[in-house]
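To start, the structure itself, in structure tokens.
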2 protein chains.
Amino acid sequence: MKKSQNICDLKSCFLCKNTLKEWHPAISANKVNLKVKKGEVIFKEGDPVTGIYFVNSGSVKVYKKWDKDKELIVRFAREGSLFGHRGLGVGGTYPISAAALEPTIVCYVDVAFFEASIKVNSDFTYQLLMFLTEELKQSERKMRNLAHMSVKGRVAEALISLQNQFGVTADGFINIDLSRQDLSSYAGATYETVFRMMNELVSEKLISLSGKSIRLVNREELLKLAQDIVFL
Amino acid sequence: MKKSQNICDLKSCFLCKNTLKEWHPAISANKVNLKVKKGEVIFKEGDPVTGIYFVNSGSVKVYKKWDKDKELIVRFAREGSLFGHRGLGVGGTYPISAAALEPTIVCYVDVAFFEASIKVNSDFTYQLLMFLTEELKQSERKMRNLAHMSVKGRVAEALISLQNQFGVTADGFINIDLSRQDLSSYAGATYETVFRMMNELVSEKLISLSGKSIRLVNREELLKLAQDIVFL
DNA sequence: CGTAAATAATGACATTTATCATGTAATAAT
DNA sequence: ATTATTACATGATAAATGTCATTATTTACG
């Protein structure tokens, strides 16, 4: 990670954009910009918490390790999103790890300053509250899916979720360059099983592949696969 | 559910006790007490959000349905804890269900009043923030475990977690009357598999059973089974 | 540009976990 | 008290998923 000279403008920070016009200059004065290379780890589980981060450009995976070579990707943080906030509160160490998926610029805010801001700016805190609630909902949904949904369903869900988050390129492929390993970690299964399910999805013409790129061909059917059995 | 005459005193509400001495009377004026029978559902996924709840006495399971007869218990709410807060924010419907595990008294606070309070009382909001962060951490830990830990490990973890939450009776049994079905839903596996794992744990002398009651005999070994492989 | 290292593809096999079937015990309803 | 219903116990079996081994392909980098 390399400190960058140019100031992170937080132009797209979901929290700042809406509610923090007056907070914004303060954060600008109290932060440091970091340039992170693709694959570089920003912090990892067990590291002492020193601050929280905003993604200025690029994208970051937030994950929890299991083995030396097994992990679960908990979420992605894109431009404007914050991460590292799980380090707040008791413990004093990050419960998760974060690494850049592409060349990324993050801005770093000291935790003391962040906590102080929370206590002062109730609008910001409210936004943060809503953000956490939403994350919690997603998280519990995913928990339930990991417990009861088949891997195929989880792959379908993961793909739809990726497309929702990252959109598509001009030729209709999901606009993120994710390794198959990372895709597996996101779906919460082994590489091999995910690979098999991807093959099935291809032969069922629900998705199509071009190298590492993935296109959702039959979104309807994918949704069915990924769908909650809501009432039954 | 039956409205109760006697006023819920919130004597043990973790949020109120510490930070809300002045907020407390206000909430007392704006709430309704409900008596809930064992097994009774307080709200379920998809129900429109009307308020949030505090447990005054008893205990509640918070769960997410999958099939007609499959669910995942996300957490338990005990005396003093709040639930239903996942209904805050967008959506307008509860993403989870809640049911009483024993005869329980909950107090219900109108969502509009709750949201207003959040915006006004920054101390309370801060406490809530910390609570959500902690829930999120737990939730992500459990996610990771569901993805990578064996059922046996999850059962061990579930049992330890139950003992931590509900304590033990005079004769050393976990102080909660939970059906085997619910235990399975908490561990995130089928009844049969959990049953087998319990048998293994008994024959390995890590736990002992007496009817439905469970005693942790060798906490050390259980912890090892449930433990994160932290660094590796 | 060429070589090492990482990532990906793929089949064979092992293990775990879920499903099904059946019987019993406990609980609730009439 | 009697019956119906629900929870619990248990083995047999099937299905899903993970592990391992091997080869191909891409990427990183000196």
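The sequence lines fix the lettering, A, B, ..., with proteins before strands; numbering per chain opens at 1. Given the structure is predicted, the values throughout are model-derived calculations rather than measurements.
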Checklist entry - Is the shortest side-chain N/O distance from Thr190(A) to OP1 or OP2 of dT17(D) below 4.0 Å? => result no

Checklist entry - Hey, does the side chain of Lys38(B) come within less than 4.0 Å of dA28(C)'s phosphate (OP1/OP2), counting only N and O? => result no

Checklist entry - Do side-chain atoms of Ser97(B) reach the backbone of Lys64(B) as a donor and acceptor pair under 3.5 angstrom? => result no

Next on the checklist: Just to verify, which of Ile73(B), Val74(B), Val155(B) counts as forming a side-chain contact (heavy atoms from CB on, under 4.5 Å) with Tyr186(B)?
Outcome noted: Ile73(B)

Checklist entry - Between atom CE in Met197(B) and atom C1' in dA9(D), what is the gap in whole Å? => result 16 Å

Next on the checklist: Suppose we call two aromatic rings close when their centres sit under 6.0 Å apart. Are Tyr53(A) and Phe43(A) close by that rule?
Outcome noted: yes

Checklist entry - For the helix from dC1(C)-dG30(D) to dT30(C)-dA1(D), what angle lies between the axis at the first five pairs and the axis at the last five pairs, to 10 degrees? => result 60°

Checklist entry - Between Phe76(A) and Phe166(A), is the ring centre distance below 6.0 Å? => result yes

Item to check | Donor-acceptor under 3.5 Å (Ser203(B) side chain, Glu200(B) main chain) | outcome: yes

Next on the checklist: Given 3.5 Å as the limit, does a donor-acceptor pair link the side chain of Arg180(A) with the main chain of Tyr191(A), or not?
Outcome noted: no

Item to check | Check: Glu45(A) side chain, Lys65(A) main-chain N or O, donor-acceptor pair, under 3.5 Å | outcome: yes

Item to check | Between dA29(C) (C1') and Lys37(B) (NZ): distance, integer Å | outcome: 13 Å

Checklist entry - Between dA16(D) atom C1' and Asn145(A) atom CG, what is the distance in whole Å? => result 17 Å

Checklist entry - So what does Lys70(B) touch, heavy atoms closer than 4.0 Å: a base, only the sugar-phosphate, or nothing? => result sugar-phosphate

Next on the checklist: Please encode protein proximity along nucleotides 6-11 of chain C as a string of B, S and -, counting only heavy-atom distances under 4.0 Å.
Outcome noted: --SBBB

Checklist entry - Judged by atom type as modelled, is there a donor-acceptor pair below 3.5 Å linking the side chain of Thr104(A) to the main-chain atoms of Glu102(A)? => result yes

